[in-house]
Chemist: 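Quick one: the structure is below, questions incoming.
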Amino acid sequence: MKSIEGWGSGLLGVAIFSASLPATRVAVASFPPLFLTAARASIAAMLGGALLLLLRQARPARADLASLVIVAFGVVIGFPLLTALALQHITSAHSIVFVGLLPLATAIFGVLRGAERPKPLFWLFSLMGSAAVGAFALSNDGTVSPTGDLLMIAAIVLCGLGYAEGAVLSRKLGGWQVISWALLLASPFMLLLAAVTCPPSWQAIDTPAWLGLAYVSIFSMLVGFLFWYRGLAAGGIASVGQLQLLQPFLGLALAGLLLHEPVAWSMILATGLVVVCVALARRYA
């Protein structure tokens with residue numbers, strides 16, 4: 001029963017995360033990337049802080065602060081900022097292919113964090129997946145941008161680090177508590193950054209941009225993590241974590257359906273190759 005609940009919660013979390021890049025793409029068309037990053041984290045921090053206060057959660061121990069800083073740097077600051085910058089150069093459909101490497105990045109940092117010894121086939125399939133992403137990034141499909149691709153790779157690395165550290169810490173504090181405390185930890189800096197980088201005029205911000213900001217603030221930064229970490233806790237990190245492999249497919253579908261962005265055959269092929277390689281790599285981790 002717990003396994004079914006874990007898979008259900010994890011799948012819902014992945015579905016929520018899948019719309020993050022298309023929503024960011026819409027929002028960054030009107031909001032400066034730095035402001036968008038700061039605003040989404042600040043709004044989520046207020047909501048997370050209210051949950052912690054309402055449910056009377058104990059403060060984390062001083063020994064947990066270093067891990068919370070890593071989580072905040074990876075998933076609160078690094079990933080949102082770098083993807084917002086990347087989406088100024090590439091389409092959300094193009095960027096979603098790189099998300100196929102997120103399970104691999106998480107697994108690698110999990111290996112480093114837990115000092116595990118994966119089988120040689122793990123590294124073989126890892127390299128194959130990376131090669132597939134590299135070949136796609138260099139392909140001439142009309143949306144290639146070295147700057148955007150490098151920003152996406154950096155975003156995936158930082159997010160994988162934040163996921164792995166958060167997964168370890170969630171065993172002690174609880175999943176939603178980890179992201180809520182990480183948001184609060186980053187909130188002073190994020191509030192200051194939002195104040196400094198706010199748009200000069202709010203009248204130029206259109207409705208889709210406001211909806212995009214609302215989605216990434218409420219769902220991508222908080223609600224998605226509530227379901228995602230609950231799924232990892234109930235169904236197991238290794239098994240439920242494989243649901244991330246569905247994220248590129250869901251994201252590509254949303255980018256085409258909601259934003260009417262072209263989804264080239266090369267994007268679908270690259271995503272499929274990455275998903276296969278990451279699935280096999282995780283099997284031998």
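Along the sequence shown, residues carry numbers from 1.
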Chemist: Is Q57 reaching over with its side chain to a backbone N or O of L55, donor-acceptor style, under 3.5 angstrom?
Modeler: yes

Chemist: Return the CD1 to CG distance between I153 and L82, rounded to the nearest 0.5 Å.
Modeler: 11.5 Å

Chemist: Can you list every side chain to side chain donor-acceptor pair (under 3.5 Å) pair that touches residues 65-83, not counting sequence neighbours?
Modeler: S67-E165

Chemist: Could you give the distance from CG (L51) to CD1 (I179), rounded to the nearest 0.5 Å?
Modeler: 12.0 Å

Chemist: What's the spacing between I70 CD1 and L185 CG if we round to 0.5 Å?
Modeler: 11.5 Å

Chemist: If only atom types and distance count, is the side chain of Y215 paired as donor or acceptor with the main-chain N or O of T24 below 3.5 Å?
Modeler: no

Chemist: Could you pull out the closest heavy-atom pair between G212 and A27, with the gap in Å?
Modeler: C-CB, 4.0 Å

Chemist: Mind jotting down which residue pairs meet the ring-ring contact (aromatic ring centres under 6.0 Å, His included) criterion with at least one end in residues 33-77? Sequence neighbours excluded, please.
Modeler: F31-F35, F35-W202

Chemist: What distance do L36 atom CG and S30 atom OG have between them, rounded to the nearest 0.5 Å?
Modeler: 10.5 Å

Chemist: Can you check whether I90's main-chain N or O pairs, donor with acceptor, with R25's side chain at less than 3.5 Å?
Modeler: yes

Chemist: Apply side-chain contact (heavy atoms from CB on, under 4.5 Å) to residues F98 and D149 and explain how you reach the verdict.
Modeler: CA-CA 8 Å; F98 291 90; D149 292 343; 3.4 Å; yes

Chemist: When rounded to the nearest 0.5 angstrom, what distance separates CG in L52 from CH2 in W176?
Modeler: 4.5 Å

Chemist: Show your reasoning for whether side-chain contact (heavy atoms from CB on, under 4.5 Å) applies to D64 and W181.
Modeler: CA-CA 10 Å; D64 298 326; W181 285 116; over 6 Å; no

Chemist: Give me the atom names and distance for the closest heavy-atom approach of P33 to A84.
Modeler: CB-CB, 4.0 Å

Chemist: Quick check on the hydrophobic clustering: are L54 and L173 connected, directly or via other members, by side-chain heavy-atom contacts under 4.5 Å?
Modeler: no

Chemist: Go through the structure and list residues passing side chain to side chain contact (heavy atoms under 4.5 Å, CB included) with L191, not counting sequence neighbours.
Modeler: S42

Chemist: Is there a side-chain contact between V76 and M221 in this structure, where contact means two heavy atoms from C-beta onward sitting under 4.5 Å apart?
Modeler: yes

Chemist: If Ile, Leu, Val, Met, Phe, Trp and Tyr residues are connected whenever their side-chain heavy atoms lie under 4.5 Å apart, and connections chain through other members, are I77 and V69 in the same group?
Modeler: yes

Chemist: Within the side chain of S217, is there an N or O that forms a donor-acceptor pair under 3.5 Å with the backbone of A214?
Modeler: no

Chemist: Please say yes or no: joined through hydrophobic side-chain contacts below 4.5 Å, possibly via intermediate residues, are I43 and L211 part of one cluster?
Modeler: no

Chemist: Could you report the tightest heavy-atom contact between A39 and L213, atom names first, then the distance?
Modeler: CB-CD1, 4.0 Å

Chemist: Examine distances only and state if a side-chain atom of S187 and a backbone atom of L184 form a donor-acceptor pair shorter than 3.5 Å.
Modeler: yes

Chemist: Looking at every heavy atom in both A41 and L183, which two are closest together, and how far apart are they?
Modeler: O-CD2, 3.9 Å

Chemist: Which heavy atom in C159 sits nearest to a heavy atom in F79, and how many Å separate them?
Modeler: CB-CD1, 3.5 Å

Chemist: Locate the shortest heavy-atom distance separating A86 from G148; write the atom from each residue and the value.
Modeler: CB-O, 3.6 Å

Chemist: Roughly how far, to the nearest 0.5 Å, is the CZ atom of F109 from the CG atom of L161?
Modeler: 4.5 Å

Chemist: Hey, are the side chains of M190 and T37 touching, using non-hydrogen atoms and a 4.5 Å cut-off?
Modeler: yes

Chemist: Treat each ILVMFWY residue as a node, draw an edge where side-chain heavy atoms are under 4.5 Å apart, and state whether L101 and L150 are in one component.
Modeler: no

Chemist: Stepwise, does the side-chain contact (heavy atoms from CB on, under 4.5 Å) test hold for L222 with I218?
Modeler: CA-CA 6 Å; L222 186 62; I218 300 172; over 6 Å; no

Chemist: Evaluate the ring planes of W228 and Y163, with Trp represented by its six-membered ring, and classify them as parallel (under 30°), tilted (30 to 60°) or perpendicular (over 60°).
Modeler: tilted

